[in-house]
Participant: 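Take this structure first; my questions come after.
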There are 2 protein chains.
Amino acid sequence: MNLSSRDLRAVIALIEERNFTRAAERVHLSQSAFSALIQGVEESLGARLFERNTRNVTLTPEGRIFEDSARRVLADFDGMVANFQDHAQRRRGRVVVAALPSLAAGWLPGVLAEFRSRHPGIELALLDQLSEQCLGLVRSGQADLALAATGDKDADLATEPLCADAFHLVCRKDHPLARQKEIRLRDLAAHPFVHLSRHSSVRRHLEAAFHPVPMQTVLEVEHLATVTGMVAAGLGITVVPALTLFHFDRPDLAVRPLRLKGLTRRILVVRRKNEALSVAAQALRELMLARKPTVAKRSLARKAVLRKVSLP
Amino acid sequence: MNLSSRDLRAVIALIEERNFTRAAERVHLSQSAFSALIQGVEESLGARLFERNTRNVTLTPEGRIFEDSARRVLADFDGMVANFQDHAQRRRGRVVVAALPSLAAGWLPGVLAEFRSRHPGIELALLDQLSEQCLGLVRSGQADLALAATGDKDADLATEPLCADAFHLVCRKDHPLARQKEIRLRDLAAHPFVHLSRHSSVRRHLEAAFHPVPMQTVLEVEHLATVTGMVAAGLGITVVPALTLFHFDRPDLAVRPLRLKGLTRRILVVRRKNEALSVAAQALRELMLARKPTVAKRSLARKAVLRKVSLP
DNA sequence: CACACTTACGATATTCGTAAGGATT
DNA sequence: AATCCTTACGAATATCGTAAGTGTG
């Protein structure tokens with residue numbers, strides 16, 4: 001037993017037209033091929049569906065029983081195909097991205113806005129979490145993609161580089177370091193730091209890069225915006241990656257790039273290794289790679305974001 | 001776009017087996033043909049359903065979306081086909097027969113019992129009504145078949161003869177007519193009749209056959225069983241068709257066949273002219289024609305019925 | 001290097017359309 | 001005579017299986 005959606009469509013066309021010639025046209029077949037098709041369907045089913053005498057075509061009582069279910073099955077089938085194609089053609093779907101807070105607040109909004117305007121039917125979810133948690137969300141299937149800093153190698157995860165995020169010194173303009181010609185690691189270590197939590201990837205990178213030189217910590221906070229306030233108040237200096245500099249774009253603060261070994265954070269696009277991305281997630285991944293964060297000088301990152309948001 | 005139930009079955013086999021070779025066996029195809037089939041389905045749908053790397057086969061995210069609906073559509077499809085074939089093969093269905101009370105009580109029960117034992121899944125409904133109403137029930141579609149006496153020609157109805165039902169005199173054994181050698185019409189007219197209602201086909205036949213000779217009516221009742229009692233009580237004689245004689249099979253009553261012009265009632269099987277019978281109704285029609293009432297001598301009809309009831 | 005999917009290719013089946021046939025009104 | 005379904009038949013197309021090819025673990 002094997003019937004195709006085309007067969008069902010033909011039967012329904014004949015039910016509605018009650019005429020082989022017109023029904024054949026509706027399904028784009030010659031009348032004779034259509035006749036053979038209907039006979040084939042009847043043979044497959046093991047009983048006549050139509051009573052034909054030369055002048056008119058009528059449904060048999062069994063045909064009437066068939067009609068309703070045939071319409072239902074066909075409608076369900078068409079719905080299935082349409083739904084599938086909506087997903088496959090990025091008209092529908094859902095992508096969950098896990099991203100570091102620095103990216104989630106700075107660069108990502110512009111990218112998501114562009115994605116959204118290209119694919120209005122796709123739902124987006126953004127989980128702004130610390131790097132380690134982002135990776136966990138992808139591994140467990142709760143997120144499709146993660147934007148995270150370099151982490152431990154993981155057999156389940158596939159990564160590809162998004163950008164290298166160089167660290168910068170941020171301090172008040174009246175701070176001695178703001179005008180110093182060359183800034184070495186021990187120059188920084190001589191001043192008190194306003195730090196992010198030691199769980200953050202920024203902090204971890206700093207600890208690793210300074211090791212074994214100890215840093216002085218004046219304060220440890222959770223959010224970058226808080227760091228801004230503290231630094232502006234003169235409590236200390238801080239060292240953060242380029243992508244977070246938009247937090248520090250204020251007239252009273254100085255930002256100085258640092259060219260010190262290890263003071264670069266690599267941002268990765270992460271996904272599960274043994275599982276294909278949905279077409280929606282794939283489209284977002286491609287957009288992210290195409291819109292790689294520019295290697296920011298000072299707070300150009302912010303201007304870049306604004307430009308992108310306003311794209312068509 | 002055209003997919004067959006076989007295509008869906010193949011996709012689902014592959015989802016479950018996660019292996020082309022085994023899935024191909026399940027749908028009775030060579031592995032290469034199966035591979036081509038899956039590729040064809042994916043091409044029809046416009047996106048990959050499976051991610052295959054030589055070692056294992058996994059569903060794409062879009063494939064997962066497809067899976068549920070595919071199972072549902074296929075189950076629905078199979079249900080549709082099974083239901084259709086149940087009806088077409090007389091495992092399910094419903095037949096409504098309208099029949100004259102005389103047939104409904106005497107001959108028909110045996111036929112219906114046999115039908116029922118052959119087709120236990122088919123519901124039967126019996127409407128015991130007068131001839132005119134039986135025809136109306138068929139015309140309006142409330143009944144599939146009618147067993148009625150000859151009626152007016154009707155453009156919507158097709159008829160075929162079931163049997164000729166000869167009229168018999170019924171009287172008490174001690175009645176003068178019980179022993180009379182030849183019974184003529186005017187002999188009957190000389191005695192008072194116990195009559196059925198003038199709406200009944202029996203009565204109409206009698207009136208037509210006697211015309212213009214008037215009959216004497218001692219009593220007019222609705223049911224044949226009542227006639228029996230009245231005749232046995234000696235209130236009068238009656239004249240009824242052979243198929244009703246089982247009502248009069250009593251030691252105190254005499255039954256005499258009458259060979260008089262017009263005193264034969266033709267019983268017809270009636271159906272709608274422009275509509276095919278359901279296979280169930282068709283099967284019942286064929287059984288009725290095959291088990292035509294025997295041309296009863298006296299109350300053999302009753303014995304015949306009993307014999308048939310006890311058939312396998 | 002072995003296993004599993006894909007590709008190549010010739011044989012077989014199916015399906016298609018044109019045209020003729022047959023039945024009904 | 002006109003209409004409409006079925007049958008006949010050759011051509012185009014699709015499908016199938018064997019066998020060779022390819023890539024991954």
Side-chain angles (χ1 to χ4, degrees), chain A residues 1-45 47-60 63 153-158 271-276, chain B residues 1-45 47-60 63 155-156 158 272-276:
Chain A
M1 248 302 308
N2 184 32
L3 290 183
S4 67
S5 55
R6 187 156 149 277
D7 293 332
L8 293 184
R9 239 178 279 281
V11 167
I12 287 173
L14 185 53
I15 290 176
E16 287 174 359
E17 298 289 350
R18 298 187 169 285
N19 175 304
F20 274 62
T21 310
R22 289 196 300 276
E25 284 168 10
R26 254 178 57 172
V27 295
H28 308 294
L29 272 180
S30 77
Q31 186 272 339
S32 83
F34 185 84
S35 173
L37 183 151
I38 294 292
Q39 287 179 48
V41 171
E42 290 179 326
E43 193 181 348
S44 287
L45 289 172
R48 291 224 132 183
L49 288 169
F50 298 95
E51 202 61 42
R52 41 279 222 194
N53 56 49
T54 345
R55 223 48 179 184
N56 48 18
V57 176
T58 56
L59 268 177
T60 61
K153 295 259 171 172
D154 190 318
D156 297 338
L157 299 179
R271 64 174 193 267
R272 283 181 294 285
K273 186 176 280 174
N274 295 316
E275 195 172 313
Chain B
M1 246 303 306
N2 184 31
L3 290 184
S4 66
S5 53
R6 187 156 148 279
D7 293 331
L8 293 184
R9 239 179 278 280
V11 168
I12 287 173
L14 185 52
I15 290 175
E16 288 174 357
E17 298 289 349
R18 298 189 169 286
N19 174 301
F20 274 62
T21 310
R22 289 196 300 275
E25 284 168 11
R26 254 177 59 170
V27 294
H28 307 295
L29 272 179
S30 75
Q31 185 272 338
S32 83
F34 186 83
S35 174
L37 184 151
I38 295 292
Q39 288 179 49
V41 171
E42 291 178 326
E43 192 182 347
S44 288
L45 288 172
R48 290 224 133 184
L49 288 169
F50 298 95
E51 203 61 43
R52 43 280 221 190
N53 59 48
T54 349
R55 223 51 176 183
N56 47 20
V57 177
T58 56
L59 268 177
T60 62
D156 297 337
R272 284 182 293 286
K273 188 176 278 175
N274 295 317
E275 196 172 311

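We name chains A, B, ... by the order of the sequence lines, and we start the count at 1 in each one.
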Participant: Write down the distance between CZ (B/Arg55) and P (C/dC1), rounded to a whole number of angstrom.
Facilitator: 14 Å
Participant: Classify B/Leu37 by what it touches in the nucleic acid, base, sugar-phosphate, or nothing, heavy-atom distance under 4.0 Å.
Facilitator: nothing
Participant: Could you tell me how far apart B/Leu49 (CG) and C/dC5 (P) are, to the nearest whole angstrom?
Facilitator: 16 Å
Participant: Indicate whether the side chain of B/Ser35 and that of B/Gln39 have a donor and an acceptor atom separated by less than 3.5 Å.
Facilitator: yes
Participant: Which nucleotide sits closest to the side chain of B/Ser30: C/dT18, D/dC5, D/dG17?
Facilitator: D/dG17
Participant: In whole Å, what is the span from the CZ atom of A/Arg18 to the C1' atom of D/dC5?
Facilitator: 16 Å
Participant: Hey, is the main chain of A/Leu157 close enough, under 3.5 Å, to the side chain of A/Arg272 for a donor-acceptor pair?
Facilitator: no
Participant: Please compare A/Ala33 and B/Asn56 by the position of their nearest nucleotide in DNA chain C and report the one closer to 5'.
Facilitator: B/Asn56
Participant: Drop me the distance from B/Ile15's CD1 to B/Thr58's OG1, to the nearest 0.5 angstrom.
Facilitator: 11.5 Å
Participant: For A/Ile38 and D/dT7, give me the distance from atom CD1 to atom P, rounded to whole Å.
Facilitator: 14 Å
Participant: Measure from CG on B/Leu3 to C1' on D/dT15 and round the result to the nearest Å.
Facilitator: 16 Å
Participant: Working to the nearest 0.5 Å, report the span between CG of A/Asn2 and OG of B/Ser4.
Facilitator: 4.0 Å
Participant: Select one nucleotide: of D/dT18, C/dT6, D/dC5, the one nearest the side-chain heavy atoms of B/Ser32.
Facilitator: D/dT18
Participant: Could you give the CD-to-P distance, from A/Glu51 to D/dC4, as a whole number of Å?
Facilitator: 18 Å
Participant: Between A/Arg52 and A/Glu42, is the closest basic N to carboxylate O distance under 4.0 Å?
Facilitator: yes
Participant: Do any side-chain nitrogens or oxygens of A/Ser35 fall under 4.0 Å of OP1 or OP2 in D/dC5?
Facilitator: no
Participant: What is the distance from CG of A/Asn53 to C1' of D/dT3, rounded to the nearest Å?
Facilitator: 12 Å
Participant: Can you check whether B/Arg6 has a side-chain N or O nearer than 4.0 Å to OP1 or OP2 of D/dC16?
Facilitator: yes
Participant: Rounding to a whole Å, what distance do you find between B/Arg52:CZ and C/dA4:C1'?
Facilitator: 12 Å
Participant: Using only side-chain N and O atoms of A/Gln31, determine if any of them is under 4.0 Å from OP1 or OP2 of D/dT6.
Facilitator: no
